[in-house]
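Here the structure comes first, spelled out in structure tokens, and everything after it is commentary.
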Amino acid sequence: DVQLQASGGGLVQAGGSLRLSCTTSGFTFDDYAVAWFRQAPGKEREMVSCIDTFDGNTRYSNSVKGRGRFTISSDNAKKTVYLQMNSLKVEDTGVYYCAAYWAGRTVCGLRQGLYDYWGQGTQVTVSS
């Protein structure tokens, strides 16, 4: 069975950092794209970033692009994808989910509907 387990969330002050981890199992890691999504209270879930685990190509949504606050990376030996979040803002608060789909070693997609497998989410709360 394909499984994704998100962890690393917590409570942090604005300006702080967190590193989220998405541990995966049950599929050939290199063939899949893995992404992070987030859902703020009262809002729809949105894409944050994705990574093509085969060659490490990454993409970021416009909401986090710029100034390098968020960085997605993968450790293929551990079948784990990370999201390093720096200079956190109150508006980054939400539940963060990791998700995956078979991408066939192509560039990862930003569209939520592509992602077939989802983890359970980890709460990130940024206080002012």
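To the nearest 0.5 Å, atom OG1 of residue Thr106 and atom CG of residue Asp31 are 10.0 Å apart. Note: Tyr32 OH to Thr53 OG1 = 10.5 Å, rounded to the nearest 0.5 Å. Here CG of Asn57 is found 8.5 Å from CD1 of Ile51. Values are rounded to the nearest 0.5 Å. To the nearest 0.5 Å, the span separating OG on Ser21 from CD on Gln84 amounts to 9.5 Å. Summarising the geometry, atom CZ belonging to Arg45 is positioned 13.5 Å from atom CZ belonging to Arg38; distances are rounded to the nearest 0.5 Å.
Using a 4.5 Å heavy-atom cutoff, the side chains of Ser61 and Trp36 are not in contact. Looking at heavy atoms from C-beta onward, Val124 lies in side-chain contact with Leu20 at the 4.5 angstrom threshold. Inter-residue side-chain proximity for Met85 and Val48 is flagged as unmet; no heavy-atom pair is nearer than 4.5 Å.
The aromatic rings of Phe27 and Tyr117 sit parallel, their planes meeting at an angle under 30°, below the 60° perpendicular limit. Using cut-offs of 30° and 60° for the angle between ring planes, the Phe37 and Trp118 rings count as tilted.
Each of Tyr97 and Tyr82 belongs to its own hydrophobic cluster when Ile, Leu, Val, Met, Phe, Trp and Tyr are linked at side-chain heavy-atom distances under 4.5 angstrom. A single hydrophobic cluster is seen to contain both Trp102 and Val34, as judged by linkage of ILVMFWY side chains at heavy-atom distances under 4.5 Å, directly or through other members.
At least one donor-acceptor pair closer than 3.5 Å links the side chain of Ser49 to the backbone N or O of Arg59.
In summary, the side chains of Ser7 and Gln5 do not present any donor paired with an acceptor at a separation below 3.5 Å, with no hydrogens or angles considered.
Residues that satisfy the side chain to side chain contact (heavy atoms under 4.5 Å, CB included) test with Val12, not counting sequence neighbours, are Leu18, Leu88, Val126.
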